[in-house]
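Protein chains get the first letters and strands the later ones, always in sequence-line order, with residue 1 at the start of each.
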Amino acid sequence: MIDLRLLRDDPDTVRASQRARGESESAVDDLLRADEERRAAVQRFEALRAEQKQLGKRMSKADPAERAELLARTKELAAEVKAAEAAVGEAEAALRRAQYAIPNIVEEGAPPGGEDDYVVLREVGTRPDIANPRDHLELGEALRAIDVERGAKVSGSRFYFLTGVGALLQLGLLQLAMNQAVEYGFIPCITPTLVKPESMEGTGFLGAHASEVYRLEADDLYLVGTSEVPLAAYHAGEILDLTEPIRYAGWSSCYRREAGSYGRDTRGILRVHQFDKVEMFSYCRPEQAHDEHLRLLAWEEEMLAKVEIPYRVIDVAAGDLGTSAARKYDCEAWLPSQGRYREVTSTSNCTTFQARRLNVRYRDENGRPQIAATLNGTLATTRWLVAILENHQQPDGSVRVPKALQPYVGGRDVLEPR
RNA sequence: GGAGACUUCGCCUAGUCUGGUCUAUGGCGCCGCACUGCUAAUGCGGUUGGGGUGUUAAAGCCCCUCCCGGGUUCGAAUCCCGGAGUCUCCGCCA
């Protein structure tokens, strides 16, 4: 949720942000109105309440005759206070709704436009020259690494088993990511994957993307689509020491309904309901967030270099940002079977948007609590296996193992079909 | 699943039975000042958070905040109902 002070002082910045995202500008005026109405309601209530307290004080030391006289007035007042309080409650709920309707303010410099208006910042690595490349499923099945048939039998479409070297490769990849994160001072963290509604809400995933999320009706819990959710909610309601950024590396399974993607990426494990991920998550002061964002991107690129995958970095356009993100960079790996780049990492600067909802704060130089900034970025996921298998395939269907991953597959430098 | 105890302003804690200067006690920690050759000790003072108003900024004033949400009452930390969390015991499962 956005800063109401910023909104009051500079509504045009908010309007410009809405325009960049292709979202409604009238939502800004709705919010301004809701803000004013709430303040008016608060003032009415507080005036009545102050009077009630004054009378209450006199009542406590009044003699019986005076007391009876006061009672008539206080009884009347009690009803008015109650009504005014209810009005405040409604005004606050309306304000909250209006506030939730506006996504984060887009960072200056983010490309305007929609999904296709991203800007390519750079291309890194050499695309392999493979005649008639096999796709990751063909390679994975030959290696007995990926089993989607039994995944579908047991759990349905978009589920899979990783077996043998497939399982080892994924564990190794995630371990490699975790090791890198720890090396740079991240606190390793294995998170819950079921969270309460307020945790999901606080991170902004119940807005436009609510249909993407699995919900357990009987227990009123949600399955997380990323460990960003538990890691953001981890410090909810706390005041942190942010002299230096606090960084967590979260390892978790992730669950996505993929409701709007019927018929898209149905082959293999490119788009699945459940996968594993190591996610970087930073809490820092708002003025540090921009630099932190670039650091997260650099760490993602360092991981991609370790697994020797060609990729490009894109600056995601305003209209394609998530609700909470002010700016987003994706790394996309080259997939020889598709002849194009596909997303394998995504790092978002959520500025104070998430932290304001979750009430995560720090103390400034004057000791005053201020809202923190949060950022997140992908360090490795199951999807990386797709890029690893395809880019390192050899004509005979074997797959070369990047040096960094060799220790995790028994020291082998090549995986042979069996 | 059943029974009980508990939840107070960073941490610990008094207050709840018996509703009203509770405008919440004390300790620890932290900050400032004094004393001291330094440190420590000691003394004095300050120290919840949010919101409204106000202002260049502040001060000041006001409201809310005793786990959360309702209720009773002129008035709730205190009484009643519901919920959450923590702990103990029993049952069940692994």
ask   = Can you give one letter per nucleotide of nucleotides 63-80 of chain B, going 5' to 3': B for a protein heavy atom under 4.0 Å from the base, S for sugar-phosphate only, - for none?
value = BS-------S-BS-----
Distance below 4.0 Å between A:Gln43 side-chain N/O and B:rU53 OP1 or OP2 = yes
Rounded distance in Å - CD1 (A:Ile239) to P (B:rC30) = 18 Å
ask   = Looking only at atom C1', what distance separates B:rC66 and B:rU25, rounded to whole Å?
value = 13 Å
Residue pairs fulfilling side chain to side chain donor-acceptor pair (under 3.5 Å) with at least one residue in residues 313-327 of chain A, sequence neighbours excluded = A:Glu107-A:Arg327, A:Asp315-A:Arg327
query = Within this structure, what is the CG-to-C1' distance between A:Asp35 and B:rG51, rounded to whole angstrom?
reply = 12 Å
task = Return no unless some side-chain N or O of A:Arg39 is found under 4.0 Å from OP1 or OP2 of B:rG54.
result = no
Separation of atom CG in A:Asp9 from atom P in B:rU55, rounded to whole Å = 14 Å
inquiry  = Please report the distance separating the P of B:rG60 from the corresponding atom of B:rU47, rounded so that it comes out in whole Å.
reply    = 11 Å
For atom CD1 of A:Ile371 and atom C1' of B:rG50, their distance in whole Å = 11 Å
ask   = Just how far, in rounded Å, is P of B:rC11 from CG of A:Asp241?
value = 16 Å
task = Using a 4.0 Å heavy-atom cut-off across all strands, classify A:Arg58 as base, sugar-phosphate, or nothing.
result = nothing
key: A:Gln393 side-chain N/O to A:Glu390 backbone N/O, donor-acceptor pair under 3.5 Å   = yes
request  = Could you work out the separation of B:rU16 and B:rC6 based on their C1' atoms and round it to a whole Å?
outcome  = 13 Å
ask   = Which dot-bracket string fits RNA chain B when only Watson-Crick or G-U wobble pairs with both atom distances under 3.5 Å count, crossing pairs get [ ], and | stands for a partner on a different strand?
value = ((((((((.[[[..)....(.....]]]((((((.......)))))).(((((......)))))..[[[[[..)....]]]]])))))))....
request  = Apply the test side chain to side chain donor-acceptor pair (under 3.5 Å) to residues A:Tyr311 and A:Glu301: give CA-CA distance (whole Å), side-chain angles for both, the deciding distance (0.1 Å), then the verdict.
outcome  = CA-CA 9 Å; A:Tyr311 65 94; A:Glu301 295 194 61; 2.6 Å; yes
Interatomic distance at C1', B:rU18 relative to B:rA76, whole Å = 14 Å
ask   = With a 4.0 Å cut-off on heavy atoms, is A:Arg361 in touch with a base, just the backbone sugar-phosphate, or nothing at all?
value = sugar-phosphate
query = Are the side chains of A:Ile314 and A:Tyr329 in touch, meaning some heavy atoms are under 4.5 Å apart?
reply = no
message = Using whole Å, what does the distance between atom C1' of nucleotide B:rG50 and atom CZ of A:Arg356 come to?
response = 14 Å
request  = Could you tell me whether a side-chain N or O of A:Ser253 sits under 3.5 Å from a main-chain N or O of A:Asp276, the two making a donor and an acceptor?
outcome  = no
ask   = Just checking A:Arg8: base, sugar-phosphate only, or nothing, at a heavy-atom cut-off of under 4.0 Å?
value = sugar-phosphate
Euclidean distance for C1', B:rC67 against B:rU86 (whole angstrom) = 11 Å
request  = May I ask you to decide whether A:Lys277 forms a salt bridge with A:Glu228, counting only side-chain N to carboxylate O separations under 4.0 Å?
outcome  = no
ask   = Taking everything shown except A:Arg73 itself, do over 12 heavy atoms lie less than 6.0 Å from its CZ?
value = no
Residue from A:Tyr362, A:Tyr283, A:Tyr248 passing side-chain hydrogen bond (donor to acceptor under 3.5 Å, both in side chains) with A:His235 = A:Tyr248
task = For residues A:Thr191 and A:Gly250, report the shortest heavy-atom separation together with the two atoms involved.
result = CG2-CA, 4.5 Å
Salt bridge A:Glu258-A:Arg271, side-chain N to carboxylate O under 4.0 Å = yes
remark   = Separation of B:rG51 atom C1' from A:Glu37 atom CD, nearest Å, is 18 Å
inquiry  = Which residue in the set A:Glu332, A:Glu300, A:Glu279 passes side-chain hydrogen bond (donor to acceptor under 3.5 Å, both in side chains) when paired with A:Thr345?
reply    = A:Glu300
query = Taking CG from A:Leu95 and P from B:rG50, how many angstroms apart are they, rounded to a whole number?
reply = 17 Å
inquiry  = Using the C1' atom as the point on both nucleotides, what is the distance between B:rG82 and B:rA14, in whole Å?
reply    = 29 Å
key: Atom P, compared across B:rC28 and B:rC44: separation rounded to whole Å   = 12 Å
request  = Please state the P separation for the pair B:rG2 and B:rU8 - nearest whole angstrom.
outcome  = 26 Å
